[in-house]
Amino acid sequence: MQYQAPKGMKDVSPKESYKWQYAEALAREVCAAYGFLETRTPVLEHTELFQRGVGDTTDIVQKEMYTFLDKGGRSVTLKPEGTAGAVRMFLENKLFSEAQPTKMYYLYCPVFRYEKPQAGRLREHHQFGVEIFGAPRASADAEVIALACALLGKLGVEQLSVNINSIGCPECRRVYNEALRAHLEVNYGALCETCKTRFEKNPLRILDCKEERCAAIVESAPRVLDYLCADCADHFAELKSCLEALGIAYWVDPMIVRGLDYYTKTVFEIISTEGAYKGTVCGGGRYDKLISELGGPEMPAVGFGMGMERLLLVAESFRPIPEPKPVDVYVAAMGGDARAAGLRLVGALRDSGVCAEFDHVGRSFKAQFKYADKLGARFTAILGEDELARGIIKLKDMADGVERELPLDGVDQIKKRIDEKN
RNA sequence: GUGGGUGUAGUUCAGUUGGUUAGAAUGCCAGAUUGUGGCUCUGGAGGUCGUGGGUUCGAGACCCACCACUCACCCCA
C-alpha cells in the first residue's frame, strides 16, 4: 500500500458515516433541548494558549502536542482538547459582556495528541463537548452531567456509572496538598519514579497513579473531600442534591482528579460498566479560574468532553446503530432514448424528494437488477424500448416481484406507491 | 516512551522439516436466463506473499533491520 493515513488517524468511510451522523443528530437534539448553541473554532491555536490553559506540567503539554512553526515563525498547536479554544473564542468575541450564562457545544471537534495509539484511543479523535460559562451554581454542573446522560441514554447506553468528586478551589487545595504531602512524605521512598516528581509539582496526581505500591500508599491518605472550604463543601452538597432532583444516580469517587490542571471544585467521569467496551466515555468538571487565567474576567465555568470514536464504540456495544434508509427506486433504462427518458424520470423523482438511482456503468438489464437489489432498492422502474414507445414504466416491487404499469410522467403516482411502502 | 502479538487476493484466512506455476471461502465481474434481482451452477479478473538486506542450489516460510497494524503499560477521552 503506497499511501496510508498518518499513524493513529482513521478515515470514516461512506459506509459507516451514518453512525456518526446518527450520534451527531442525537447530540444536536439533546443540546437544543438543554439550550446549548453550537460553536466552531479553529483546529489550530497559538501554542501559548494551551501552555497557559491546559497547564505546563501536564503530560499533554509536555510531550503530546502537535506543535510546529507556521511560515511566519509563530508556534502553533493542533488542539489537544476542546476547552481552551472555546474559552479563547468566548474572550475574543467578548461574549462575557452579554447576559450570562453562555451555554455552547461543539461536535466533531478534531483534537490531537501525539501518543501511541491503542483501542479507542487514536492520535486524532473527535470530541463532543459542552461548556457553560458564567454559571457559579452547582445546578450548572448537574445540567452538563444530565445532558451527557441524556445523550448516552438516547444512544442506548443504559449501564453507566456517574462518578463525581470535588477537588476544591486553590485555597482549600493548598491546605489539602500540605496534608497529602505530609502523609506521602513518610512513604516517599516507596513511591514510583513519576510520583516522586509529582510530589513537588502536583501531589494530587499521585492519587491517580496505577502503580500498586503508590495505590497502597494512597489508600490511607487523607481525602480531598474532608479538606474542602465551606464554599466548596456547599457547592459539592448542592451538586449532589441537584443530581438527586434530576433523578441521576451517582457515586462519589474521591480518587478522581482528572488530567488537566485547570479543574476546580467538581470533577466527574461517566463510565460505561457493561458491554464490549467498558471505560470512561465522558469526563469533565468545573474550571472557575481558567477564563481569568487566559486574560478574561473572573468567571466560573463548567463543561465536559466526550470522545466520539469511543462514544460510538460504547453505543454499538449496547445496540446497533440504525442503518439509513435504502434507495427508494432504481431506474433501469436500456437504449439511448430510454436512458434519456430515464434520466428525466430520475431527476423528477429526486426533485420530489424520492431517493432515486440510475445506471452510470452501462450494465445490462440483468446486472442492473442485481445492483438494484444490492442497493436495497424498494422498487425498480423498468424503462426499455417497449415501455418508452408506450409512454409507461413498469414499477417492480422488489420485495414480492409484482410489476405494475404506470405512466412515464406519473411521478406523483410513483411517489404514492413508494410512500405506501415506507 | 516501554513491552508483547501480527503482516499472504478487496475482505477473512490456509499454506506441512525450506522444494514445481501460492490456495480456499467470501466479495467483485460475466455467463447459464440475447428484457428481470435474491437461490443454484459455471467461468473470469484480482497477489511486487509489508519493505530492504542476508542465509541457501532453492525463501511466503529461516536470520537481521526497518515500516505498518494491533494489544497492554505510562497517561488519558
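Computed over heavy atoms, backbone and side chain alike; hydrogens, waters and symmetry mates excluded. Protein chains get the first letters and strands the later ones, always in sequence-line order, with residue 1 at the start of each.
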What is the nucleic acid contact for A/Glu387, judged by heavy atoms within less than 4.0 Å: base, sugar-phosphate only, or nothing? base

Using a heavy-atom cut-off of under 4.0 Å over every strand shown, decide if A/Glu385 touches base, sugar-phosphate, or nothing. base

For A/Ile382, report the nucleic acid contact type (base, sugar-phosphate, nothing); a contact means any heavy atom under 4.0 Å. base

Find the distance A/His125:NE2 to B/C75:C1' and express it as a whole number of Å. 13 Å

Using the six-membered ring wherever Trp is involved, compare the ring planes of A/Phe90 and A/Phe133 and label them parallel, tilted or perpendicular (cut-offs 30° and 60°). perpendicular

Could you state the NZ-P distance from A/Lys79 to B/A77, rounded to the nearest angstrom? 16 Å

Closest nucleotide among B/C75, B/G35, B/C71 to the A/Asp386 side chain: B/G35

Heavy-atom nearest nucleotide on RNA chain B taken for A/Arg123 and for A/Gly384; more 5' hit belongs to A/Gly384

For B/G3, what is the paired nucleotide under Watson-Crick or G-U wobble rules, both distances under 3.5 Å? B/C71

Spacing of A/Leu122 atom CG relative to B/C76 atom C1', expressed in whole Å: 13 Å

Can you tell me the Watson-Crick or wobble partner of B/G43, both distances under 3.5 angstrom? B/C29

For A/Tyr114, is the OH atom crowded, meaning more than 12 foreign heavy atoms sit under 6.0 Å from it? no

Across the strands shown, which category fits A/Glu81 at heavy-atom distances under 4.0 angstrom: base, sugar-phosphate, nothing? nothing

B/C13 and B/A9, which share atom name P, separated by this distance in whole Å: 11 Å

Say we look at B/G50 and B/G31: how far apart would their C1' atoms be, to the nearest angstrom? 37 Å

To the nearest angstrom, the CZ-C1' distance between A/Arg121 and B/G1 comes to 13 Å

If you measure from the C1' atom in B/C64 to the same atom in B/U56, how many Å do you get, rounded? 16 Å

Take atom C1' in B/A14 and the same atom in B/G38, then report the distance between them in whole Å. 30 Å

Is it the case that atom CD in A/Glu385 sees more than 12 heavy atoms from other parts of the structure closer than 6.0 Å? yes

Just call it for A/Gly401: base, sugar-phosphate, or nothing, with non-hydrogen atoms closer than 4.0 Å on any strand. base

For the pair made of CZ in A/Arg113 and C1' in B/C76, what is the distance, rounded to whole Å? 6 Å

Presence of A/Gln118 side-chain N/O under 4.0 Å of B/A72 phosphate oxygens OP1/OP2: yes

Choosing from B/A32, B/G35, B/A30, which nucleotide comes nearest the side chain of A/Ala367? B/A30

Do A/Arg88 and A/His46 have side-chain atoms, one donor and one acceptor, less than 3.5 Å apart? no

Is there ring stacking between A/Phe365 and B/G35, where the centres must be under 5.5 angstrom apart and the planes under 30 degrees? yes

Kindly check if the number of other-residue, nucleotide or ligand heavy atoms within 6.0 Å of CZ (A/Arg40) is above 12? no

Determine: side-chain N/O of A/Lys374 to OP1/OP2 of B/G38, distance under 4.0 Å, yes or no. no

I'd like the P distance from B/C62 over to B/U16, given in whole Å. 9 Å

Provide the distance between the two P atoms, one in B/U48 and one in B/U8, to the nearest whole Å. 12 Å

Any A/Lys370 side-chain nitrogen or oxygen under 4.0 Å from OP1 or OP2 of B/U36: no

Is the phosphate of B/C29 approached by A/Arg363 (side-chain N or O, under 4.0 Å from OP1 or OP2)? yes

Using both distances under 3.5 Å as the test, list the Watson-Crick or G-U wobble partner of B/C66, or none. B/G50

With P as the reference atom in both, quote the distance from B/U51 to B/U11 in angstrom, rounded to an integer. 15 Å

Taken to the nearest whole Å, CG/A/Asp359 to P/B/G35 is 15 Å

Testing the basics here: between A/Val54 and A/Tyr262, what is the closest heavy-atom pair and its distance to 0.1 Å? CA-CD2, 4.1 Å

Base, sugar-phosphate, or nothing: which does A/Glu309 touch, judged by heavy atoms less than 4.0 Å apart? nothing

Any donor-acceptor N/O pair under 3.5 Å between B/U36 base and A/Lys366 side chain: no

Mind checking A/Met306 for me? I need base, sugar-phosphate or nothing, with any heavy atom below 4.0 Å counting as a touch. nothing

Name every donor-acceptor pair, under 3.5 Å, that has one atom in a side chain of residues 336-345 of chain A and the other anywhere in the protein, sequence neighbours excluded.
from: A/Arg339; atom 1: NH1; to: A/Asp359; atom 2: OD2; distance (Å): 2.9
from: A/Arg339; atom 1: NH2; to: A/Asp359; atom 2: O; distance (Å): 3.1

Who is the Watson-Crick or G-U wobble partner of B/U12, with both distances under 3.5 Å? B/A24

Please measure how far the C1' atom in B/A59 lies from the corresponding atom in B/G15, and state the result in whole Å. 14 Å

With under 30° as parallel and over 60° as perpendicular, where do the rings of A/Phe358 and A/His360 fit, or are they tilted in between? perpendicular

Within this structure, what is the CD-to-P distance between A/Gln368 and B/G37, rounded to whole angstrom? 12 Å

Comparing nearest nucleotides in RNA chain B, the 5'-proximal residue of the pair A/Lys63, A/Glu124 is A/Lys63

Rounded interatomic separation in angstrom, taking OH from A/Tyr371 and C1' from B/U36: 18 Å

